[in-house]
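Worksheet: the structure to be examined is printed underneath.
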Amino acid sequence: MKYVIIGNSIVAAGCIEGIRKIDNENEIIVISQEPYHIYSRPLISYWLSGKINEEKIYYRPWDYYEKYRVKPILGRKVERVDFDKKKLYLDNNDEIYYDKLLIATGGKPFIPNILGLAKKNVFTFIKFDDVKAIDKAICPGAKAVVVGGGLSGLKAAEALIKRGCEVTVIELAERILGSILDDEGAKLVQNELEKYGIKFVLKNSVIEILGEERVEKIKLQTQEEIPADLVIFSIGVVPNVDIFKDTPLKINRGIIVNTKMETNIPDVYAAGDVVEAFDLILEEKRVIPILPNAYIQGEVAGINMAGGDFEYEGSFPINSIGFFDIHMMTGGIVNPKEDCEVLKRLERDRKIYRKICLKDGRILGFIFINSFDRTGMIVDLMKNKVDVSGFKERLLLDNFGFLDLPKEVRREKIWRV
């Protein structure tokens with residue numbers, strides 16, 4: 001038996017560890033275009049800011065591959081997969097045979113098709129090599145334009161400010177963090193970021209990058225021009241499925257998998273940001289690019305690849321992130337389009353915001369800013385679809401806890417007795 005994993009992210013770690021729970025003998029091969037040991041992509045902004053050194057960015061110790069008897073093939077790209085022959089073809093003409101295959105190719109950055117992308121000092125912000133290149137291009141006083149006001153874009157902006165750059169964020173939507181915050185929450189965070197010097201241009205987009213060989217300016221949809229020494233595109237990611245598009249693999253937006261992380265092709269599994277998996281709140285399959293989900297999906301795939309029988313129950317988006325002195329946790333649906341009950345508590349002077357969205361007494365989503373103790377309980381109530389009608393107002397309290405729950409809920413839903 002030969003297990004092959006395409007990708008070397010946290011999904012790969014989950015898969016390796018899942019396989020080794022059942023099979024301690026057979027060969028595992030990990031192939032990655034990147035030359036690095038398993039590392040944390042969410043930590044690249046902290047490396048760029050100088051908060052952590054390179055040693056801190058890696059998920060697993062240096063003897064990880066040896067300990068788990070893994071053969072890493074790093075710095076090599078999979079060019080093609082022949083599912084009939086069970087072969088992978090690499091960019092150095094090597095051919096790798098597999099018995100069981102996991103596709104963990106993750107996401108790739110979305111970059112708009114605009115003029116000037118080929119100029120020097122135009123970057124994306126998703127890989128370790130991206131921030132290493134940015135690190136070489138910046139110096140105190142450098143004018144940086146970040147295109148995208150989502151999580152990744154704002155972490156890039158925060159890192160650049162800490163490195164002494166002048167930062168402008170361009171966002172097409174009318175607010176930052178549009179997928180995880182509402183108007184009140186976004187304004188609270190934006191005000192805090194502006195205090196540290198980040199400038200925002202909302203409801204606008206970049207249509208051209210100007211300069212001779214390197215970036216000198218960017219032109220906006222409104223025809224305004226902004227000086228820039230570098231431009232970072234961090235608009236979002238899309239599933240990295242390019243090499244599978246002309247194959248029998250079933251792909252919608254992401255690769256379609258079942259609860260065992262199996263694709264429509266025998267002996268081929270997929271997990272992480274490249275798949276569409278079940279959303280417990282929306283009750284449908286979609287891409288949920290959240291790190292904890294990626295590990296769990298990888299582990300489920302690994303157990304099943306090795307002959308086990310395990311299922312991925314589904315999840316929903318949960319984000320925990322901070323910028324400077326403002327921190328937040330959000331989950332589920334925070335901007336419901338349908339008729340929902342919304343509970344809010346906003347204290348601007350303390351930079352505290354709590355919002356709960358309910359439907360038929362069940363929690364659909366939440367936003368907690370600078371007040372998120374015991375958020376795990378909220379997540380548990382969401383996962384178990386507990387009717388919170390009888391104690392919903394208490395959900396807005398800073399110290400909401402077990403004693404706020406009715407006795408029957410504590411017994412039947414929390415303690416499971």
Side-chain angles (χ1 to χ4, degrees), residues 1-7 9-24 26 28 30 59 68 83 86 98-107 239-241 244 248-319 331-333 362-365 376-386 412-417:
M1 177 72 71
K2 180 186 286 187
Y3 306 100
V4 176
I5 302 169
I6 306 176
S9 64
I10 194 64
V11 179
C15 183
I16 291 165
E17 290 155 27
I19 290 171
R20 289 299 182 230
K21 286 182 177 181
I22 295 176
D23 183 348
N24 283 312
N26 285 297
I28 300 175
V30 171
Y59 276 126
Y68 283 86
F83 293 113
K86 289 191 167 185
Y98 70 85
D99 290 297
K100 302 282 185 178
L101 175 67
L102 175 70
I103 298 169
T105 48
N240 187 10
V241 295
F244 307 111
L249 188 66
K250 189 173 181 181
I251 301 170
N252 186 25
R253 183 166 178 260
I255 297 171
I256 305 300
V257 294
N258 62 18
T259 56
K260 294 186 176 182
M261 309 313 296
E262 296 171 316
T263 70
N264 63 302
I265 298 175
D267 299 324
V268 178
Y269 298 71
D273 295 0
V274 76
V275 307
E276 292 188 9
F278 188 67
D279 185 311
L280 290 170
I281 304 300
L282 294 178
E283 298 185 339
E284 64 184 29
K285 288 188 175 183
R286 69 186 188 106
V287 177
I288 306 177
I290 304 297
L291 188 143
N293 296 343
Y295 178 86
I296 295 168
Q297 290 174 3
E299 184 182 35
V300 169
I303 290 170
N304 293 323
M305 289 166 73
D309 186 10
F310 206 67
E311 294 192 2
Y312 176 69
E313 297 178 350
S315 61
F316 51 87
I318 300 175
N319 291 280
I333 301 169
R362 295 174 176 175
I363 303 173
L364 287 183
M377 288 187 59
I378 301 294
V379 172
D380 185 80
L381 293 169
M382 290 175 68
K383 283 183 177 179
N384 291 290
K385 300 183 178 181
V386 175
E412 296 176 13
K413 300 297 183 181
I414 303 299
W415 299 117
R416 306 288 189 266
V417 292

| query | Once you round to the nearest 0.5 Å, how far does CD1 of Ile10 lie from CD of Gln297? | reply | 12.5 Å

| Between CD of Glu283 and CZ of Phe278, what distance do you get to the nearest 0.5 Å? | 5.5 Å

| request: Please answer whether the main-chain N or O of Ile19 pairs with a side-chain N or O of Asp23 as donor and acceptor at a distance below 3.5 Å. | output: no

| said: Rounded to the nearest 0.5 Å, what separates atom CG in Asp279 from atom CD1 in Ile288? | reply: 4.0 Å

| field | Expected output: side-chain Thr259 to main-chain Glu311 donor-acceptor under 3.5 Å | value | no

| request: Rounded to the nearest 0.5 Å, what's the gap from CD1 on Ile103 to OH on Tyr269? Could you check? | output: 12.5 Å

| request: Evaluate the criterion side chain to side chain contact (heavy atoms under 4.5 Å, CB included) for residue pair Ile28 and Tyr68; output intermediate values, then yes/no. | output: CA-CA 9 Å; Ile28 300 175; Tyr68 283 86; 5.9 Å; no

| message | Can you tell me how far apart CG (Leu381) and CD1 (Ile363) are? Round to the nearest 0.5 Å. | response | 5.0 Å

| task | Look at atom CZ of Arg362 and say whether more than 12 heavy atoms of other residues, nucleotides or ligands are closer to it than 6.0 Å. | result | no

| Just how far is it from atom CZ of Phe316 to atom CG of Asn293, taken to the nearest 0.5 Å? | 9.0 Å

| Is there a donor-acceptor contact under 3.5 Å from the side chain of Glu276 to the main chain of Arg253? | yes

| task | Flag the pair Met1 / Met305 as yes when at least one side-chain heavy-atom distance between them is below 4.5 Å, and no otherwise. | result | no

| query | Looking at Tyr295 and Gly14, what are the two nearest heavy atoms and their distance? | reply | CE1-CA, 3.3 Å

| field | Greater than 12 external heavy atoms within 6.0 Å of Phe310's CZ | value | no

| message | Are there over 12 heavy-atom neighbours, none belonging to Lys2, within less than 6.0 Å of that residue's NZ? | response | yes

| message | Between Lys100 and Asp267 (salt bridge meaning N to carboxylate O under 4.0 Å), is one present in this structure? | response | yes

| note | What one should report as the nearest heavy-atom pair of Ile5 and Cys15 is CD1-SG, 3.7 Å

| Do the side chains of Lys250 and Ile265 get nearer than 4.5 Å, heavy atoms only? | no

| message | Less than 4.5 Å apart, side chain to side chain, heavy atoms only: is that true for Val287 and Pro239? | response | yes

| query | So, the side chain of Asn304 versus the backbone of Val300: is there a donor-acceptor pair under 3.5 Å, distance only? | reply | yes

| message | Strictly distance-based, threshold 3.5 Å: is any side-chain N or O of Asn264 a donor or acceptor partner for the main-chain N or O of Pro248? | response | yes

| Taking all atoms of both residues into account, what is the closest heavy-atom pair of Asp273 and Ile290, and its distance? | OD1-N, 4.1 Å

| message | Which heavy atom of Ala12 sits nearest to which heavy atom of Gly7, and what is that distance? | response | CB-O, 3.5 Å

| query | Looking only at heavy atoms, which two atoms of Ser9 and Ala104 are closest? And how far apart? | reply | OG-O, 4.4 Å

| Judged by atom type as modelled, is there a donor-acceptor pair below 3.5 Å linking the side chain of Asn384 to the main-chain atoms of Val386? | no

| query | Is there a side-chain contact between Leu102 and Val11, using heavy atoms and a 4.5 Å cut-off? | reply | yes

